[in-house]
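This report concerns only the one structure given below.
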Amino acid sequence: MNTDVLTTPAVLILLGPPGAGKGTQARMLEDKFGLIQLSTGDLLRAAVAAGTDAGKAAKAVMEAGGLVSDEIVIAILRDRLGEADCAKGVILDGFPRTTVQAEALDTLLSETGQKINAAVSLEVDDAAMVTRISGRYTCGNCGEGYHDTFKTPTKAGVCDKCGSDNFKRRADDNAETVGQRLAAYHEQTAPLIAYYSDKGVLKSVDAMGDIDAIAKALGAIVETATT
């Protein structure tokens, strides 16, 4: 990324279902380009902890058991984009989720003189994702990760790393739940794909391959979109 020609901080959006590797790839982009990953959950927690006006509003809604409105999220994002560490640009992970949020984000960025440089869709094969996620389990003692198909302990029932026989699985890492999460994601995100495609900023990356290969493809997109 040639920061010499950037007049405003870059804004990148990562779209992808749970398990597609958004978090991993965002961290790699942070390291390579100096961008800051911003997720809705982290933004809300930080604003509440900091006691900002928007954070106080979010806290009141959450304590009442409600959903934080788009207006509050946008206000929190506006505050965050103005902080010094966002000067090189940001990666939005988990926001926007709807076209209404996307339009509100466009309005916010027009106020700051910024724009969406690229919205990157991490493309996955649903059947393969069900296998990938539903087969995961970890050692309950040391946290070493395993998989029913791709990575089993050398000695059945015994962790290679620490020798424990205490293994655990996430309750929602089962084929039915993963399938439902993928279906919900596609239903929710399809309008966003069309929205950013119409704006000419949508890019797609095959997210089923090697992590480094995916990172290289994403890096090329960032280079092109921000120069």
Side-chain angles (χ1 to χ4, degrees), residues 1 3 6-59 61-62 67-122 185 188-189 191-193 195-196 199 201-203 205 207 211 214-215 217-219 221-226:
M1 183 169 62
T3 55
L6 287 180
T7 56
T8 56
V11 180
L12 306 170
I13 295 173
L14 281 187
L15 303 171
K22 295 191 301 297
T24 297
Q25 293 300 330
R27 286 189 293 274
M28 295 174 78
L29 289 173
E30 282 186 312
D31 291 341
K32 183 173 183 179
F33 295 103
L35 304 173
I36 299 297
Q37 180 190 12
L38 302 179
S39 70
T40 305
D42 290 342
L43 284 170
L44 287 172
R45 285 187 288 272
V48 169
T52 64
D53 288 343
K56 291 175 182 176
K59 183 179 180 181
V61 172
M62 291 187 289
L67 293 175
V68 178
S69 68
D70 291 346
E71 289 79 10
I72 293 176
V73 174
I74 285 291
I76 290 173
L77 181 57
R78 179 184 289 108
D79 290 342
R80 185 68 180 89
L81 289 175
E83 295 183 16
D85 62 342
C86 294
K88 289 187 177 180
V90 298
I91 306 163
L92 298 181
D93 174 7
F95 187 87
R97 293 184 183 274
T98 66
T99 52
V100 171
Q101 291 179 346
E103 290 167 352
L105 176 61
D106 284 344
T107 299
L108 166 60
L109 295 178
S110 70
E111 295 170 2
T112 63
Q114 294 170 269
K115 64 179 182 179
I116 303 297
N117 296 75
V120 185
S121 175
L122 299 181
Y185 169 78
Q188 182 183 64
T189 307
L192 280 180
I193 298 294
Y195 182 86
Y196 287 118
K199 288 185 171 293
V201 295
L202 182 70
K203 306 295 180 182
V205 170
I211 289 176
I214 297 169
L218 278 170
I221 289 172
V222 173
E223 289 278 5
T224 301
T226 58

Leu14 and Ala26: which non-hydrogen atoms are nearest, and at how many Å? CD1-CB, 4.0 Å
Just how far is it from atom CD1 of Ile214 to atom OG1 of Thr24, taken to the nearest 0.5 Å? 9.0 Å
Output the distance between atom CD (Gln101) and atom CG (Leu77), rounded to the nearest 0.5 Å. 10.5 Å
Can you give me the closest heavy-atom contact between Val48 and Gly55, atom names plus distance? CG2-O, 3.5 Å
Other residues, nucleotides, ligands: >12 heavy atoms within 6.0 Å of Lys22 NZ: yes
Determine whether Met62 and Val68 make a side-chain contact, defined as any pair of heavy atoms from C-beta on separated by less than 4.5 Å. yes
How far does OG of Ser69 sit from CG of Leu67, to the nearest 0.5 angstrom? 10.0 Å
Contact between Val73 and Leu43 at the side-chain level, heavy atoms closer than 4.5 Å - yes or no? no
Is there a side-chain contact between Leu81 and Val90 in this structure, where contact means two heavy atoms from C-beta onward sitting under 4.5 Å apart? yes
For Asp42, is there an ion pair with Arg80 - N to carboxylate O distance below 4.0 angstrom? no
Spacing of OG belonging to Ser39 relative to CD1 belonging to Ile91, to within rounding of 0.5 Å: 11.5 Å
So Val11 and Leu109, side chain to side chain contact (heavy atoms under 4.5 Å, CB included) or not? Walk me through it. CA-CA 9 Å; Val11 180; Leu109 295 178; 4.0 Å; yes
Would you confirm whether Glu30, through its side chain, and Gln37, through its main-chain N or O, come within 3.5 Å as a donor-acceptor pair? yes
Would you indicate whether the side-chain heavy atoms of Val222 and Leu29 approach each other to under 4.5 Å? yes
Compare all side-chain heavy atoms of Leu38 with those of Asp93 and state whether any distance is below 4.5 angstrom. no
Could you check if a side-chain atom of Phe33 sits within less than 4.5 angstrom of a side-chain atom of Lys88, using non-hydrogen atoms only? no
Counting N and O atoms only, with roles assigned by atom type, does the side chain of Thr107 sit under 3.5 Å from a partner on the main chain of Glu103, one being a donor and the other an acceptor? yes
Quick check against the 3.5 Å criterion: does Tyr185 have a side-chain atom that pairs as donor or acceptor with the backbone of Pro18? no
Looking at Pro9, is its backbone amide N or carbonyl O close enough to the side chain of Gln114 to form a donor-acceptor pair, meaning the two atoms are under 3.5 Å apart? yes
Nearest-0.5 Å distance that lies between atom NZ in Lys56 and atom CD1 in Ile72: 13.5 Å
What are the two closest heavy atoms between Ala207 and Ala20, and how far apart are they? CB-O, 3.9 Å
About how many Å separate NZ of Lys115 and CG of Leu105, when rounded to the nearest 0.5 Å? 14.0 Å
Is it true that a side-chain atom of Thr99 and a backbone atom of Ala102 form a donor plus acceptor pair closer than 3.5 Å? no
Taking only residues two or more places apart in sequence or in another chain, which ones pass side chain to side chain contact (heavy atoms under 4.5 Å, CB included) with Ala215? Gln25, Met28
Indicate yes or no: at least one non-hydrogen side-chain atom of Ile13 is less than 4.5 angstrom from one of Pro96. yes
Under-4.0 Å salt bridge between Asp106 and Lys199: yes
Between Asn117 (side chain) and Ala225 (backbone), is there a donor-acceptor pair under 3.5 Å? yes
Residues Val205, Ser121; criterion side chain to side chain contact (heavy atoms under 4.5 Å, CB included); working and verdict: CA-CA 6 Å; Val205 170; Ser121 175; over 6 Å; no
Which atoms form the tightest heavy-atom contact between Thr40 and Gly94, and what is the distance? OG1-O, 3.5 Å
Show the numbers, then the answer: is there a side chain to side chain contact (heavy atoms under 4.5 Å, CB included) between Thr98 and Tyr195? CA-CA 10 Å; Thr98 66; Tyr195 182 86; over 6 Å; no
Quick one: are Leu12 and Leu92 in side-chain contact, heavy atoms under 4.5 Å? no
Gly113 and Thr8: which non-hydrogen atoms are nearest, and at how many Å? O-CG2, 3.3 Å
